[in-house]
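What follows is a short report on a single structure.
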Amino acid sequence: MRENEEKKEKQFRFILIILLCLLFVGIHIADPTFYSTIIKLSKDGNLQGTVVYLQSFGIWAVFVSFFIDVIINIVGFLPSIFLSTANGLIFGIFWGTVISWLAETTGVMISFFIMRTLFRNVAKAIIQKSKTLTKLDSYESWKAVMIARAIPYMPNGLVTAISALSSMTFYEHLLGSLIGKFPSVLLEVVLGHDIVTFKEHQLRLAIIIIVVGIVYGLIWLYMKNKKKQEKNKC
């Protein structure tokens, strides 16, 4: 029975890898410059270039932006802040936030699924051998993911990797990511938008920075006090 399950897992992984390869190859055939353009824009943080590139797709810009954001978050190490800002400038703060929020959440969920599916047995073995990861695994929850995702500019790949190494379910990770991603993406979109259009939104930008500083400061103090209380109990 166990051998059959392992065989099915290997077959599923093989099929998944083939499908992903076909998808990426298909995109390259359709547009040979697509990946190189994304990587260059992402590495350079070229906001103006990103805006021009997305606008060149006309009515399809929203779908292209969504797809690029998903790819960036699947990869995990490329910054997406420039794209969030571009979305805010092109589609407005409301729709720019919605597009970026759903795209980033979709990206990290696909990344989580790939990590969990392709490296599940390896992850389990690592957790069992490591006391630190075993402890992390026992405390991991959707709330922890929510807090991590809510921190602006937090490396998505790191949070996803830690979550994939835990016993957290797909739905717990989805819930934590969906809730946590919203405030961080909203902040990235609004800050990026108002910095670029500084002259028109000086007051709003100043208010947002002050409010965000206070809110995240209170969260930091809360987490610090909570850790102290846990240490005192021990």
Side-chain angles (χ1 to χ4, degrees), residues 5-91 95-123 149 155-161 163-165 169-171 173-174 177-178 181-182 185 188-189 192:
E5 289 181 355
E6 290 180 354
K7 187 177 180 180
K8 288 181 179 178
E9 283 186 9
K10 289 180 179 179
Q11 290 176 344
F12 178 74
R13 291 173 186 172
F14 178 75
I15 293 171
L16 179 60
I17 292 173
I18 294 298
L19 290 174
L20 288 172
C21 289
L22 289 173
L23 173 62
F24 290 126
V25 170
I27 293 170
H28 177 71
I29 293 173
D31 184 0
T33 64
F34 184 76
Y35 294 117
S36 60
T37 302
I38 292 175
I39 293 173
K40 182 173 176 55
L41 290 173
S42 181
K43 284 184 176 180
D44 296 343
N46 188 342
L47 177 60
Q48 188 59 40
T50 303
V51 171
V52 173
Y53 180 68
L54 291 177
Q55 288 178 331
S56 68
F57 290 94
I59 61 173
W60 299 102
V62 61
F63 300 103
V64 174
S65 174
F66 187 94
F67 181 74
I68 293 175
D69 217 348
V70 169
I71 294 296
I72 288 175
N73 282 274
I74 289 176
V75 174
F77 61 84
L78 292 173
S80 61
I81 175 62
F82 76 102
L83 190 58
S84 297
T85 302
N87 285 338
L89 292 171
I90 297 172
F91 309 112
W95 286 112
T97 300
V98 171
I99 293 167
S100 299
W101 171 48
L102 294 179
E104 289 195 23
T105 303
T106 301
V108 297
M109 290 312 303
I110 294 174
S111 180
F112 175 83
F113 177 75
I114 291 173
M115 287 185 186
R116 177 62 63 82
T117 303
L118 298 181
F119 306 108
R120 182 170 59 182
N121 291 331
V122 176
R149 298 292 190 199
N156 283 315
L158 178 61
V159 178
T160 305
S163 301
L165 286 173
T169 66
F170 180 87
Y171 296 104
H173 186 256
L174 173 61
S177 297
L178 196 62
K181 270 289 180 185
F182 184 77
V185 170
E188 290 176 1
V189 172

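For the numbers below, each heavy atom of this structure counts, side chains included, while hydrogens, waters and symmetry mates do not. One is the number of the first residue; the rest follow in order along the sequence.
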#### Entry: Close side-chain approach of Phe34 to Phe67, heavy-atom, < 4.5 Å
yes

OG of Ser65 to CZ of Phe63, rounded to nearest 0.5 Å, is 11.0 Å

side-chain contact (heavy atoms from CB on, under 4.5 Å) with Phe112: of Val159, Leu174, Thr160, only one passes, and it is Thr160

TODO: Give the intermediate values and the outcome of side chain to side chain contact (heavy atoms under 4.5 Å, CB included) for residues Ile72 and Phe82.
DONE: CA-CA 11 Å; Ile72 288 175; Phe82 76 102; 4.1 Å; yes

Decide yes or no on side chain to side chain contact (heavy atoms under 4.5 Å, CB included) for Ser36 and Thr33, but give the supporting numbers first. CA-CA 5 Å; Ser36 60; Thr33 64; 4.2 Å; yes

* Asked: Heavy atoms, side chains only, cut-off 4.5 Å: are Ile90 and Val51 in contact?
  -> yes

Hey, does the side chain of Thr106 reach the backbone of Leu102 with a donor-acceptor pair shorter than 3.5 angstrom?
-> yes

Side-chain donor/acceptor of Arg116 to backbone N/O of Ala164, under 3.5 Å: yes

Tell me whether the rings of Trp101 and Phe182 are parallel (<30°), tilted (30 to 60°) or perpendicular (>60°). perpendicular

Rounded to the nearest 0.5 Å, the CG atom of Asp69 sits from the CG atom of Leu83 at a distance of 4.5 Å

Closest non-hydrogen contact found for Ala86 with Leu54 is CB-CD1, 4.3 Å

Interatomic distance, CG@Leu89 vs CD@Gln48, rounded to 0.5 Å, equals 8.5 Å

d(Met109 CE, Asn73 CG) to nearest 0.5 Å is 12.0 Å

Interatomic distance, CE@Met115 vs CD1@Ile74, rounded to 0.5 Å, equals 10.5 Å

Q. Mind checking whether Thr85 and Val189 have side chains closer than 4.5 Å, heavy atoms only?
A. no

In this structure, CZ of Phe91 is separated from OG of Ser100 (nearest 0.5 Å) by 8.5 Å

If the plane angle is over 60° it's perpendicular, under 30° parallel, otherwise tilted; pick one for Phe57 and Tyr53. perpendicular

* So Ser177 and Glu104, side chain to side chain contact (heavy atoms under 4.5 Å, CB included) or not? Walk me through it. -> CA-CA 9 Å; Ser177 297; Glu104 289 195 23; over 6 Å; no

When every non-hydrogen atom of Arg149 is compared with those of His173, the smallest separation belongs to NH2-NE2, 3.1 Å

Next on the checklist: Students often mix this up, so state it plainly: with edges at 30° and 60°, are the rings of Phe170 and Phe113 parallel, tilted or perpendicular?
Outcome noted: perpendicular

